[in-house]
Amino acid sequence: MQTFTHSCAATAHNSPSPPAHAHSEQLLNSAAAGRMRNPAPSPHRQPGRCADTCACRTGRRAERRFLFRFCLMAAAGKAAAFHLPPLPTVGEIIKLFRLRAQKELSQNFLLDLRLTDKIVRQAGKLKNAYVCEVGPGPGGITRSILNAGVQQLLLVEKDTRFIPGLQMLSEAAPGKVRIVHGDILTYKMEKAFPNHLKKSWEDEPPNIHIIGNLPFSVSTPLIIKWLENVSKRDGPFTYGRTQMTLTFQKEVAERLTANTGGKQRSRLSIMSQHLCTVESCFVIPGQAFVPKPDVDVAVVHFTPLVQPKIQQPFELVEKVVQSVFQFRRKYCCRGVEILFPERERLKKTEQLMMAADVDPTLRPVQLTMSHFRNLCNTYRKMCDEDPNLFAYNYREELRQKKRKRSPESTDRLEETVEENPL
């Protein structure tokens, strides 16, 4: 991992301009000084009378009071809100550094700052918050996060081509941005933020947020990894119930939020909803991205629950849910069967279904969260009675069968070739 801060040097033609409010204050001060040196003629002034009449003095005092109040308001606004100085647009950054989206990395750039602002607003109030942005790319969402007034922004970017453009943003917001060149799948998030931000799991979520326009290729394995972190309360969730606002393919977002009986009900639905409150915020059409993907994109917000709906280890829940949805178009008992070795499969399956009080003729998409909770709790009891049961792997059993059959198939093939040489 490499970390970059705002101290990195930039080229002269890319150095940030002074803030707009500073320029306005300079103009205001010079104009006020000019007026005081050369006061404008007053309609009250008459030829031959003293210039310092009561009316003139009153007008000048009123002008000074107005200027003083204006400067106080400007100073208050400067202290209250942070805005980036004028910078090249995201499109200009892409041209300047000759950036191209790589198809093998599932990269798609979002250039419309109105949409990036809308994504950031879904995260809630970010003023003085600590934020980690995953895969900032050319920095569209990064600008919206900084303009929201965050205290600190951590950027985790795997592609080195984007680092110079991100350094430019870092220099425009001194002390606010930290850039890490690395893979978010291996980056240790438990050390990303100060320890004083940690909160008890039962308290309100900490002032920490994870935001990202995730590449399609990494979105599913990454959310599964983070859901496991939620279950174990480690990684970015060592600080408490850290909230996440992420983008997914529309179809994946529908799976994450699908209700019982829905066509998109899947393993992702159960694994995410038993650990988090999952909310689909809005859909971004594919044509908003460059290059245009073949699918639309949805923004999804996650808030970890105080208590998971299934109080079992993550690995056990994942194994049961994955097995049930292995045969999603068949009865749910067909998927439950592969939890057990072949020699005792039927007996154990019937025992599990009866103890969990689940109708074996229900389809996987028809099972409620309470059904899965009962299945997991009962399976846990069976694993406690038989310590070797949880280690059983249905796919490994199939591979062993295939290997045993292979020599016999090879012998029969050789005999057939000898009998029919042509």
Side-chain angles (χ1 to χ4, degrees), residues 1-6 120 123-136 141-142 145-146 148 150-159 163 166 170 175-215 217-248 256 268 271-278 300-308 310-318:
M1 298 287 180
Q2 296 183 18
T3 304
F4 303 86
T5 61
H6 70 278
V120 171
K125 294 181 180 180
L126 295 184
K127 186 171 178 57
N128 297 324
Y130 290 73
V131 178
C132 172
E133 185 187 356
V134 182
I141 296 179
T142 310
I145 296 173
L146 288 172
V150 298
Q151 180 71 26
Q152 185 182 10
L153 174 58
L154 169 66
L155 305 176
V156 183
E157 177 55 62
K158 183 178 181 180
D159 195 334
I163 299 297
L166 297 175
S170 177
K176 286 184 175 289
V177 180
R178 184 159 56 98
I179 304 171
V180 172
H181 174 223
D183 190 344
I184 191 62
L185 287 170
T186 58
Y187 180 66
K188 296 187 180 301
M189 291 282 290
E190 57 268 20
K191 299 180 180 179
F193 299 108
N195 287 331
H196 73 267
L197 297 173
K198 290 183 178 181
K199 284 194 174 184
S200 172
W201 194 262
E202 291 73 22
D203 293 341
E204 290 296 314
N207 200 19
I208 298 174
H209 299 262
I210 298 174
I211 301 175
N213 176 28
L214 303 181
S217 60
V218 77
S219 59
T220 299
L222 182 57
I223 193 59
I224 289 294
K225 175 181 182 294
W226 277 340
L227 289 172
E228 183 175 3
N229 290 146
V230 172
S231 177
K232 298 178 179 179
R233 302 182 184 181
D234 59 9
F237 306 97
T238 56
Y239 301 93
R241 296 186 294 123
T242 303
Q243 299 180 78
M244 302 181 288
T245 306
L246 309 169
T247 62
F248 297 89
L256 287 165
L268 278 179
M271 297 307 297
S272 59
Q273 294 174 32
H274 104 86
L275 290 166
C276 298
T277 299
V278 188
V300 183
H301 184 75
F302 300 82
T303 304
L305 297 169
V306 175
Q307 291 293 337
I310 304 175
Q311 308 249 348
Q312 294 296 343
F314 182 86
E315 294 82 0
L316 185 144
V317 178
E318 186 179 34

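Excluded from the calculations below are hydrogen atoms, water molecules and symmetry mates; all remaining heavy atoms, backbone and side chain alike, are included.
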Student check: side-chain heavy atoms of Glu133 and Ile145 closer than 4.5 Å: yes

Spacing of CD belonging to Glu318 relative to CD1 belonging to Ile310, to within rounding of 0.5 Å: 12.0 Å

Expected output: side-chain Arg241 to main-chain Glu202 donor-acceptor under 3.5 Å: no

Validation row: Leu153, Leu146 side chains within 4.5 angstrom (heavy atoms): yes

Exercise: identify the closest heavy-atom pair between Pro205 and Gln243: CB-NE2, 3.7 Å

Stepwise side chain to side chain contact (heavy atoms under 4.5 Å, CB included) test for Leu185 and Leu222: CA-CA 7 Å; Leu185 287 170; Leu222 182 57; 3.7 Å; yes

Which atom of Arg178 lies closest to which atom of Ala192, heavy atoms considered: NH2-O, 2.7 Å

Side chain to side chain contact (heavy atoms under 4.5 Å, CB included) between Val317 and His274, intermediate numbers included: CA-CA 10 Å; Val317 178; His274 104 86; 4.0 Å; yes

NZ/Lys198: more than 12 non-hydrogen atoms of other groups inside 6.0 Å: yes

Test item: Glu157 and Val134 side chains (from C-beta on) under 4.5 Å apart, heavy atoms: no

Backbone N/O of Lys158 and side chain of His181: donor-acceptor pair under 3.5 Å: yes

Residue pair Cys132 / Phe193, side-chain heavy-atom distance below 4.5 Å: yes

Thr303 and Cys276: CA distance, side-chain angles, deciding distance, side chain to side chain contact (heavy atoms under 4.5 Å, CB included) verdict: CA-CA 5 Å; Thr303 304; Cys276 298; over 6 Å; no

Pairwise side-chain contact, Lys127 with Val150, heavy-atom cut-off 4.5 Å (strictly under): no

Atom pair OH (Tyr239) and OH (Tyr130), whose distance is rounded to the nearest 0.5 Å: 11.0 Å

Atom pair OG1 (Thr277) and CZ (Phe302), whose distance is rounded to the nearest 0.5 Å: 11.0 Å

Spatial distance of atom OG1 (Thr238) from atom CD1 (Ile208) [nearest 0.5 Å]: 7.5 Å

Trp201 side-chain N/O to Arg233 backbone N/O, donor-acceptor pair under 3.5 Å: no

Leu197 side, atom CG; Lys199 side, atom NZ - distance, nearest 0.5 Å: 9.5 Å

Donor-acceptor pair, side chain of Asn213 and main chain of Pro136, under 3.5 angstrom: no

Polar side-chain atom of Thr247 near backbone of Leu214 as donor-acceptor pair, under 3.5 Å: yes

Trace of the side chain to side chain contact (heavy atoms under 4.5 Å, CB included) decision for Ser272 with Leu227: CA-CA 7 Å; Ser272 59; Leu227 289 172; 4.0 Å; yes

Minimum heavy-atom distance between Asn229 and Phe237, given as atom pair plus value: CB-CD1, 3.6 Å

Interatomic distance, His301 atom NE2 to Ile211 atom CD1 [nearest 0.5 angstrom]: 9.5 Å

For the student: nearest non-hydrogen atoms of His209 and Ala129, plus distance: CD2-CB, 4.1 Å

Salt bridge present between Lys232 and Glu315 (N-O < 4.0 angstrom): yes

Within-4.5 Å side-chain heavy-atom neighbours: Leu268 and Gln273: no

Check: Pro304 and Thr242 side chains under 4.5 Å, non-hydrogen atoms: no

Minimum side-chain heavy-atom gap Ser219-Leu246 below 4.5 Å: no

For the student: nearest non-hydrogen atoms of Leu126 and Ala123, plus distance: CD2-CB, 4.1 Å

